[in-house]
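Read the structure below first, then the notes.
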Amino acid sequence: MGTNVKASFRYQLKDALFAILVFYIVMACVTVVVFSLSANAVSGVQVISPVYVAAWGTPEMRVQLTLYPVASVIFLFVVGLCSFKENFLMLMQNGCSRRSVFAGRLLAGGVIAVGMALIDELFALGLGLGLAGAAGNDAAVRVLGLEGQSGALAILWVFLYMVLAYFVSLFVGYCITVLYYRLLAAGKLVVSIGIPVVILGVLPILDGFAFDGRLFDGVWWFTNCLVNLSLTKPSLFVLWLVAVGVVLALLCWLMMRRAPVRR
């Protein structure tokens, strides 16, 4: 690893650490509040999944545990949105090439995804979710399509899902912010207005009049296929997430490799 890549990696990782610390402090406070408001905190865990779908004693606990990794995904998307311009300009001013900036972003994104997935997994283990799977929880194994295998293996699949989902979420946000950096003012306006208008206005009208609803039915079918794939064929779903991550990284690099240095 070159000196510039190391500097880029350390700078971009350090840039995100404070936000991650604040995020987990907030989530810990929310968890404490939810526990304190739950009269019947724990009545047994039935299911472990990438989003921790659990059968707890109260709806409040069920919502909290389901949304914990989802909150991490949303948070990392926002982190990605806020991670390009300032870092890019600072590193370029200090002699880093675009390749070094991108390599540092990849390494920092990977470390952040692994670290946050590990923290979330330890959180689940501490509450008994992961321990239920490790003890041979049948529902946990069925959710991941690992019948007949160790519950610990199911936990490893969950951890891998989370790492890849976090990495993909981070780079979705990063791609968007790189795209906006490359666009001029008119382009930003067109994208900001045009995409919502197309998705919320043009596509529903087109689908209703020209495709008889088949367009959105196809989107729904594709979403169901992904969900079923994650539940029945975890290895294929992991490969799909890896492919999405690679495509996003390539798109980022293609937009970054000739990005001008401008204020």
Side-chain angles (χ1 to χ4, degrees), residues 1-29 68-120 162-196 241-263:
M1 185 187 299
T3 304
N4 286 342
V5 175
K6 287 182 180 179
S8 173
F9 162 66
R10 290 172 180 171
Y11 182 82
Q12 295 186 74
L13 181 62
K14 184 179 179 181
D15 181 64
L17 286 180
F18 181 73
I20 293 172
L21 177 62
V22 172
F23 169 76
Y24 277 112
I25 290 175
V26 171
M27 293 303 296
C29 293
Y68 202 97
V70 176
S72 296
V73 168
I74 296 172
F75 167 76
L76 286 173
F77 172 72
V78 175
V79 168
L81 287 175
C82 304
S83 299
F84 179 70
K85 184 177 180 180
E86 290 77 10
N87 291 340
F88 176 72
L89 295 177
M90 176 64 73
L91 292 169
M92 292 292 290
Q93 281 184 341
N94 286 274
C96 289
S97 65
R98 290 167 178 79
R99 189 185 301 272
S100 298
V101 175
F102 177 71
R105 181 74 259 171
L106 279 178
L107 293 172
V111 170
I112 290 170
V114 171
M116 289 188 63
L118 182 61
I119 292 172
D120 290 350
M162 291 168 62
V163 170
L164 293 172
Y166 290 178
F167 183 84
V168 167
S169 178
L170 182 67
F171 266 83
V172 168
Y174 197 67
C175 275
I176 293 174
T177 193
V178 175
L179 173 63
Y180 270 78
Y181 179 82
R182 291 298 308 271
L183 291 173
L184 299 177
K188 294 176 183 178
L189 187 63
V190 169
V191 171
S192 300
I193 297 176
I195 291 180
L241 286 174
V242 169
V244 172
V246 170
V247 170
L248 289 171
L250 287 175
L251 287 175
C252 285
W253 170 242
L254 290 175
M255 290 186 289
M256 281 181 60
R257 61 194 299 263
R258 297 188 182 278
V261 178
R262 58 169 177 250
R263 302 295 178 183

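All values below were derived from every heavy atom in this structure, side-chain atoms included, with hydrogens, water molecules and symmetry-related copies excluded. As the structure is a prediction and not an experimental result, all values here were calculated from the model.
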In a table with atom names and distances, give each donor-acceptor pair under 3.5 Å that connects a side chain of residues 166-178 to protein atoms at least two apart or in another chain.
residue	atom	partner	partner atom	Å
Y166	OH	D120	OD2	2.4
S169	OG	V73	O	2.6
S169	OG	F77	N	3.3
T177	OG1	L81	O	3.0

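Pairing each heavy atom of M256 with each of R98, the nearest pair is O-CD, 3.2 Å. In plain terms, the two heavy atoms of M162 and A117 that are nearest each other are CE-O, 3.7 Å. Shown here for L241 and A165, the closest heavy-atom pair between the two residues is CD1-N, 4.4 Å. Between A113 and V163 the shortest heavy-atom distance is CB-O, 3.5 Å. Of all non-hydrogen atoms in P260 and R182, the two that sit nearest each other are CD-NE, 3.7 Å. Listed here is the closest heavy atom pair of L89 and Y181: CD2-OH, 3.8 Å.
Atom OG of S8 and atom CZ of F88 lie 10.5 Å apart (nearest 0.5 Å). Note that CG of L76 and CZ of F23 are 7.5 Å apart. Values are rounded to the nearest 0.5 Å. Note that SG of C96 is 11.0 Å distant from CG of N87, once rounded to the nearest 0.5 Å. With rounding to the nearest 0.5 angstrom, the CD atom of E86 is 8.0 Å from the CG atom of D15. Put simply, CG on L106 and CH2 on W253 are 10.0 Å apart, with the number rounded to the nearest 0.5 Å.
Residues satisfying the ring-ring contact (aromatic ring centres under 6.0 Å, His included) test with Y24, not counting sequence neighbours, are none.
Within 6.0 Å of atom CZ in R10, 12 or fewer heavy atoms from other residues, nucleotides or ligands are found, so the atom counts as exposed in its surroundings. Within a 6.0 Å radius of CE in M92, other residues, nucleotides and ligands contribute more than 12 heavy atoms.
Of the possible polar contacts, none joining the Q12 side chain to the F102 backbone as a donor-acceptor pair under 3.5 Å is found.
Put simply, the side chain of M116 reaches to within 4.5 Å of the side chain of F75, judged on heavy atoms.
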Begin from the C-alpha positions of F9 and V111 and carry the test side chain to side chain contact (heavy atoms under 4.5 Å, CB included) through to its verdict. CA-CA 10 Å; F9 162 66; V111 170; 3.8 Å; yes

